[in-house]
J.: 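Right, I'll just put the structure down here and ask away after.
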Amino acid sequence: MRGPVVVLGDTLLDRDVEGVVNRLCPDSPVPVLDETAASDRPGGAGLAAVFAAAQGAEVVLVTALADDAGGARLSALLAAAGVQVYPLALSGATPEKIRLRARGRVLLRHDRGGTSGEPGQPSDEVLRVIGAASAVLVSDYGRGVARQPALRDALSATRAPVVWDPHPRGPAAVPGVHLATPNESEVRELVPALPGASRLATASRGAQGLRRRWRAGAVAVTLGGDGALLCHAGSTPLVVPTPGSAEGDTCGAGDRFAAAASLALAQGALVSEAVQAAVAEASAYVAGGGVAGALPPPVRPTPTSVAGPGGDRVGVAAVATLLGEVRAAGGTVVATGGCFDLLHAGHVSTLQAARQLGDCLIVCVNSDASVAGLKGPDRPVMSEGDRSRLLAALSCVDAVLIFDEPTPDAALSWLRPDIWVKGGDYATGGDAAATLPEAEVLRRWGGNTVVVPYLDGRSTTDMIVRSIGERTR
């Protein structure tokens, strides 16, 4: 493949709540679910991107993330799955789908997040990565990303094969897509069926109608456990049956199908070969237990708050409130990060300089697990709660976010700061910003990285070594 596989579309936060039902509610004849476990995962385009990354592909996800706890959770989950997020701003709240389940069956689905928010403008880097893709999957969930004009122009201009997984509430595919992958119900909504027509006739008529309407190269209608029907230039459709019967949770099977077809096309497969590979992948996915068996291990939730003095400015909730206020006023968001184990004058100098560059300063702090992974089992000296409270007590710090990963990439994808600040001897000469590992991440939404002077002779590690030496004399 010459470039990454780009997945473009709306990402939702999916949550499965498992429980047991042993009684009815006393004030209404409905079952009471006693929760035993819960798990979060990316949904929509995010799930398709996770599936593609699990196959070893380099995957870029172009999606919109809100300034709320759901957006932060999605960033962490996607980073853990190896997906590179190129975020757009999203007004409103993160859409969430919550499934209440007992004994493997869904009792109720609870949706929240309200009406679709408006996605922001893509950066030049987003448009560039679409042009450099080996394949593009548009995973449309009808919430606006696939309708964004600049993205549609980039999709029309790319030479990469484009797979379009449509939604009845979404826009038409851009003209000339390589393959569209609606399911049966979507086809019936988009192309009304003739009375009394058979299932295959309805699927074939709908596929041919969409192919002509969208000027698509081919349309594959997924038929659940019966495989898929492919219509392309010829008048006779190709029916691709499943390799065997499989029963189970089909949630996400359509995303798995579209992701598999996109990967096959990226590797040079014919459309018919890509659809056959996708049917096999989706069938194996359902037979293997569905989404529960296909995703990486769960990620620890980012702390929403920290108890104690200064805790009201620590955590996702505090940061989300601050982001909303600053961006609503048209302000500049500045962020910096580090372990901050034993806060010293060098840290304070960097933080004060950073705060002068914008209208708020958010400090991203490595969690205890992250510090131990970077510095060794004897670190940190102070817990993440103590470190974050000390930082929040500084007048130059507006909010603190704790992150678990070795790098702040996931946190940055959610925060989308206008400016990322590093302090240190980078500032002594040369093109310092180009050497910063965060620079590539900031370019995804048009942010900038800068360095500020660092006070010489201040080092947490040196302070710890000197302290140990003085105690052992």
J.: Take Arg256 and Glu281 through the salt bridge (Lys or Arg N to Asp or Glu O under 4.0 Å) test and state the conclusion after the steps.
T.: CA-CA 7 Å; Arg256 187 61 173 258; Glu281 280 284 339; 3.2 Å; yes

J.: For Gly324, is there any backbone N or O sitting under 3.5 Å from a side-chain donor or acceptor partner on Asp67?
T.: no

J.: So, do Pro95 and Arg143 sit near enough that their side-chain heavy atoms are less than 4.5 Å apart?
T.: yes

J.: Might you confirm whether atom CD of Glu440 has over 12 heavy atoms from other residues, nucleotides or ligands at distances under 6.0 Å?
T.: yes

J.: With the side chain counted from C-beta on, respond yes when Arg188 and Thr202 share a heavy-atom pair under 4.5 Å apart, and no when they do not.
T.: yes

J.: Report yes or no: do Thr11 and Thr63 form a side-chain donor-acceptor pair below 3.5 Å?
T.: yes

J.: Looking only at heavy atoms, what is the nearest atom pair of Pro237 and Ser204, with distance?
T.: CG-OG, 3.9 Å

J.: Checking the side chain of Trp414 only, and the main-chain atoms of Ala66 only, is there a donor and an acceptor separated by less than 3.5 Å?
T.: yes

J.: Tell me if a side-chain donor or acceptor on Arg205 pairs with a main-chain N or O of Pro192 at a distance below 3.5 Å.
T.: yes

J.: Using a 3.5 Å distance criterion without hydrogens, assess whether the side chain of Gln148 forms a donor-acceptor pair with backbone atoms of Ala150.
T.: yes

J.: Counting only N and O atoms by type, is there a donor-acceptor contact under 3.5 Å from the side chain of Ser139 to the main-chain atoms of Gly9?
T.: no

J.: Does atom CZ of Arg215 have more than 12 heavy-atom neighbours from other groups under 6.0 Å away?
T.: no

J.: Would the distance check show the side chain of Asp68 and the main-chain N or O of Ala93 forming a donor-acceptor pair, the cut-off being under 3.5 Å?
T.: no

J.: Do the side chains of Leu179 and Pro161 get nearer than 4.5 Å, heavy atoms only?
T.: no

J.: Show, in sequence, the C-alpha distance, side-chain angles and deciding distance for Val60 and Val5, and conclude whether the side-chain contact (heavy atoms from CB on, under 4.5 Å) test is met.
T.: CA-CA 6 Å; Val60 164; Val5 173; over 6 Å; no

J.: Closer than 3.5 angstrom, by distance alone: can the side chain of Asp14 be matched with the main-chain N or O of Pro42 as a donor-acceptor pair?
T.: no

J.: Let me know which of Leu13, Asp111, Val17 forms a side-chain contact (heavy atoms from CB on, under 4.5 Å) with Ile98.
T.: Val17

J.: Fit a plane to each ring of Phe51 and Tyr285, take the angle between them on a 0 to 90° scale, and name the class: parallel (under 30°), tilted (30 to 60°) or perpendicular (over 60°).
T.: perpendicular

J.: Is it the case that the side chains of Ser367 and Asp404 hold a donor-acceptor pair, with the cut-off being a distance below 3.5 Å and no angle test?
T.: yes

J.: Look at the side chain of Thr158 and the backbone N and O of Ala160, then say whether any donor-acceptor pair between them is shorter than 3.5 Å.
T.: yes

J.: In the structure I gave you, are the side-chain heavy atoms of Val326 and Cys360 within less than 4.5 Å of one another anywhere?
T.: yes

J.: Can you check side-chain contact (heavy atoms from CB on, under 4.5 Å) on Leu65 and Leu88, steps first, answer last?
T.: CA-CA 6 Å; Leu65 295 177; Leu88 313 176; over 6 Å; no

J.: Give a yes or no answer on whether the side chain of Trp164 reaches the backbone of His178 with a donor-acceptor pair at less than 3.5 Å.
T.: no

J.: Identify the two heavy atoms, one from Pro4 and one from Ala132, that lie closest to each other, and give their separation to 0.1 Å.
T.: CD-O, 3.9 Å

J.: Between the side chain of Arg152 and the main-chain N/O of Arg147, is any donor-acceptor distance below 3.5 Å?
T.: no

J.: Using side-chain heavy atoms (C-beta onward) and a distance below 4.5 Å, is Val138 in contact with Leu155?
T.: yes

J.: With Asp40 as reference, evaluate Lys97, Arg15, Arg99 under the salt bridge (charged side-chain N to carboxylate O under 4.0 Å, His left out) test and give the passing residue.
T.: Arg15

J.: Any side-chain heavy atom of Leu151 within less than 4.5 Å of one from Val145?
T.: yes

J.: Please determine whether side-chain contact (heavy atoms from CB on, under 4.5 Å) holds for the pair Leu238 and Ser272, giving the CA-CA distance in whole Å, both sets of side-chain angles, and the decisive distance to 0.1 Å.
T.: CA-CA 8 Å; Leu238 171 68; Ser272 58; 4.0 Å; yes

